[in-house]
Amino acid sequence: MLPFRLKGHSGPSGSPEGQRDNEPHKNLDIVAKIAACQAQHNFPRNLFWRPEETAWDGKRQRLKGGSGDGKSFGARLQVDADAAKDQTRSGETQADLASLVQGIRMLRKSPGLENAVITSQAFSMRGLIAQSGRRLRFGVECDPGNQRFQDETKAAKISHGRIVRAIHRSGFRIVAPEQPFDPALGIDGLEAWANEVRLVKPFDYRRLAPLLLLALLVFLLWPKEPLDFFGEEIDGNLIIIVDTSKSMDEFMPQLASEVNRVIEKMSSGLFAKPHFEVIVMGETPFFGGLTPLDTQAKNRIAEELPSFLHDNRGQSVTLPAFRLAARYVAEMKNPTSIVAITDAVTLEDYCKERKEIAALFEDTEVNVQVVRQLFEDEAGNVSQEVEDLSEFAAYLNDPEEYEKDNRQKCQNTN
């Protein structure tokens with residue numbers, strides 16, 4: 001597992017990594033003082049960046065690229081397997097964080113480093129420790145031109161905040177101590193806080209991503225239950241062309257009920273909602289175009305469609321309605337099912353303009369169906385007019401194939 005850096009605030013403008021300011025001797029002096037302090041036998045060197053890993057930018061250490069490959073270096077961040085029985089791991093974390101604070105104290109007691117604190121950038125990597133633990137190391141910040149951290153309260157506050165942020169960015173949360181840290185207690189108070197720290201590792205929901213992707217794939221590939229309108233299979237957007245002449249009155253309640261059933265199923269998908277329209281023969285649309293089946297559209301259909309069908313008395317003339325449907329389909333350029341419902345149009349009417357109507361659908365993907373279920377008698381037979389409309393639908397779905405198989409049917413009307 002590669003290490004990663006936990007970045008806090010970036011350096012000031014004009015101070016890129018490794019760049020020295022206009023006082024090189026002062027910089028070298030501070031670097032030498034930090035190295036001298038860290039060379040003391042009791043300094044916790046394993047919790048700080050090693051000098052060879054860093055460059056000095058005038059105010060703080062910066063890690064060089066490709067540094068930090070030692071898995072035995074850094075404060076141990078780890079969680080007890082069973083805190084009620086064994087808190088050994090928490091004890092090790094507390095000891096390391098307390099040693100980190102002791103290192104801060106030693107730096108600040110060194111002449112010329114009185115305003116030293118840890119850097120906002122930390123280095124975190126997986127260590128040779130249990131329970132997905134990590135190791136955490138910091139650099140040293142000591143700005144000779146800014147003495148604000150000489151105040152111990154401010155130094156304790158900024159160091160505490162940077163330790164907490166680094167712990168959080170490493171994937172852990174602090175559950176003890178419960179009382180907020182009081183910066184007024186200074187570095188000694190920060191060490192006491194470190195000696196009480198206990199961590200937990202929240203569940204990483206990113207681990208669920210493969211399972212979620214698998215579930216989504218199963219959902220997308222799972223065979224969908226075919227959707228039908230009065231027994232006729234439909235897919236994609238839906239346009240209903242309906243005859244509202246007097247002879248159709250007895251079927252209107254069933255039609256309204258079936259429309260509500262179908263649009264409820266059509267709009268139940270997770271992704272883009274299909275579009276819908278009802279066209280009364282000759283060419284009176286309900287919406288004025290294919291309309292997405294959102295909540296507003298569904299409510300309008302439920303409330304207004306029955307009166308719309310009752311108030312708009314059409315004629316048994318399908319061709320104008322098919323022309324309007326073809327225009328709507330061409331505008332959307334999406335797969336669309338067209339379902340026609342009528343009981344009184346002859347094949348001769350369709351044959352006269354069949355090629356013109358077919359040409360309108362030439363560059364679109366349509367599935368033309370005819371409702372037969374409404375008009376079947378007890379033996380399952382339908383009138384010749386419904387049979388003729390079914391013939392016309394078959395022609396629109398595949399003109400070339402239909403002409404090949406039914407060459408004689410329309411030749412007298414050409």
Is a side-chain donor or acceptor of Thr244 paired with a backbone partner of Asn312 at a separation under 3.5 angstrom?
yes
Quick one: closest heavy-atom pair of Ile30 and Cys142, and the distance?
CD1-O, 4.1 Å
Check whether more than 12 heavy atoms from other residues, nucleotides or ligands sit under 6.0 Å from atom CG of Asp235, and answer yes or no.
no
Kindly determine whether Ile301 and Phe286 satisfy side chain to side chain contact (heavy atoms under 4.5 Å, CB included), including the steps that lead there.
CA-CA 9 Å; Ile301 291 168; Phe286 179 69; 4.0 Å; yes
Is there a side-chain contact between Trp49 and Thr119, using heavy atoms and a 4.5 Å cut-off?
yes
When you measure from the side chain of Asn367 to the backbone N and O of Glu233, does any donor-acceptor pair fall under 3.5 Å?
yes
Taking side chain to side chain contact (heavy atoms under 4.5 Å, CB included) as the test, write out the residues that go with Pro306, two or more places apart.
Ala256
Side-chain contact test, heavy atoms from C-beta onward, threshold under 4.5 Å: evaluate it for Thr336 versus Leu238 and give yes or no.
no
For the student: nearest non-hydrogen atoms of Ala321 and Ile241, plus distance:
CB-CG2, 3.5 Å
Minimum heavy-atom separation for Met281 and Thr342, please, with both atom names.
CE-CB, 3.6 Å
Could you please spell out the steps behind the side chain to side chain contact (heavy atoms under 4.5 Å, CB included) verdict for Glu114 and Arg108?
CA-CA 4 Å; Glu114 294 84 356; Arg108 292 176 60 81; 5.8 Å; no
Less than 4.5 Å apart, any side-chain heavy atom of Val164 and any of His168?
yes
Test your reading of the model: is there a side-chain donor-acceptor pair from Thr54 to the backbone of Pro51, 3.5 Å cut-off?
yes
Does the side chain of Glu92 pick up a donor-acceptor pair with the side chain of Gln78 at under 3.5 Å?
yes
In residues 31-40, what donor-acceptor pairs under 3.5 Å come from side-chain atoms, sequence neighbours left out?
from, atom 1, to, atom 2, distance (Å)
Lys33, NZ, Asp29, OD2, 3.1
Gln40, NE2, Cys37, O, 3.4

Basic-acidic side-chain contact under 4.0 Å: Asp96, Arg76:
yes
Donor-acceptor check, side chain of Asn115 to backbone of Asn146, threshold 3.5 angstrom: yes or no?
yes
State, yes or no, whether a side-chain contact exists between Val262 and Ile234 at a heavy-atom distance under 4.5 Å.
yes
Sorted by chain and number, sequence neighbours left out, side chain to side chain contact (heavy atoms under 4.5 Å, CB included) with Asp228 holds for Glu258, Arg261
Does a side-chain heavy-atom distance below 4.5 Å link Ile163 with Trp193?
yes
Quick one: do Leu97 and Ile167 satisfy side chain to side chain contact (heavy atoms under 4.5 Å, CB included)? Show the steps, please.
CA-CA 11 Å; Leu97 293 178; Ile167 289 173; 4.3 Å; yes
Can you name the ring-ring contact (aromatic ring centres under 6.0 Å, His included) partners of Phe230, sequence neighbours left out?
none
Side chain Asn237, main chain Asn334, donor-acceptor under 3.5 Å:
no
Quick check: do Val366 and Leu396 have side-chain heavy atoms less than 4.5 Å from each other?
no
Residue pair Val370, Val339: steps toward the side chain to side chain contact (heavy atoms under 4.5 Å, CB included) verdict
CA-CA 5 Å; Val370 174; Val339 178; over 6 Å; no
Heavy atoms of Trp56 and Val140 approach each other most closely as CZ3-O, 3.7 Å
Nearest heavy-atom neighbours spanning Pro44 and Ser99
CG-O, 3.2 Å
Contact list for residues 284-306, test salt bridge (Lys or Arg N to Asp or Glu O under 4.0 Å), sequence neighbours left out:
Glu264-Lys298, Arg300-Glu304
Does the gap between the ring centers of Phe322 and Phe392 come in under 6.0 Å?
yes
In chain order, what residues pass the salt bridge (charged side-chain N to carboxylate O under 4.0 Å, His left out) check against Arg372, with sequence neighbours excluded?
Glu387
Quick check against the 3.5 Å criterion: does Thr291 have a side-chain atom that pairs as donor or acceptor with the backbone of Phe287?
no
Please, which pairs that meet ring-ring contact (aromatic ring centres under 6.0 Å, His included) have at least one residue in residues 231-262, sequence neighbours excluded?
Phe251-Phe375
Just so I know, are the side chains of Phe123 and Leu136 near enough to count as touching, which here means a heavy-atom distance under 4.5 Å?
no
Side chain of Gln121, backbone of Arg62: donor and acceptor closer than 3.5 Å?
no
Salt bridge Asp57-Arg60, side-chain N to carboxylate O under 4.0 Å:
yes
Does anything in residues 274-286 pair up under side-chain hydrogen bond (donor to acceptor under 3.5 Å, both in side chains), and if so which pairs, sequence neighbours excluded?
none
Examine distances only and state if a side-chain atom of Asp80 and a backbone atom of Ser90 form a donor-acceptor pair shorter than 3.5 Å.
yes
Answer with yes or no whether the side chains of Arg134 and Ser124 bring together a donor and an acceptor at under 3.5 Å.
yes
Just checking, Lys201 and Phe172: is the charged tip under 6.0 Å from the six-membered ring centre and within 45° of the axis?
yes
Is the closest side-chain donor-acceptor distance between Glu191 and Gln102 under 3.5 Å?
yes
Test ring-ring contact (aromatic ring centres under 6.0 Å, His included) applied to Phe48 - qualifying residues, sequence neighbours left out:
Phe43
Under 4.5 Å between any side-chain heavy atoms of Arg135 and Leu77, yes or no?
no
Look at atom NE2 of His310 and say whether more than 12 heavy atoms of other residues, nucleotides or ligands are closer to it than 6.0 Å.
no
With sequence neighbours excluded, residues passing side-chain hydrogen bond (donor to acceptor under 3.5 Å, both in side chains) with Ser257:
none
May I have all residue pairs that pass salt bridge (Lys or Arg N to Asp or Glu O under 4.0 Å) and include part of residues 208-217, sequence neighbours excluded?
none
For Phe138, does the six-membered ring have the charged nitrogen or CZ of Arg162 within the cation-pi criterion, i.e. under 6.0 angstrom from the centroid and within 45° of the normal?
no
Can you see which heavy atom on Ala340 is nearest to which on Leu389, and at what distance?
CB-CD2, 3.8 Å
Which residue pairs pass the side-chain hydrogen bond (donor to acceptor under 3.5 Å, both in side chains) test when at least one of the two sits in residues 172-190, sequence neighbours left out?
Arg105-Asp188
Euclidean distance, Ile263 CD1 relative to Leu305 CG, rounded to 0.5 Å
8.5 Å
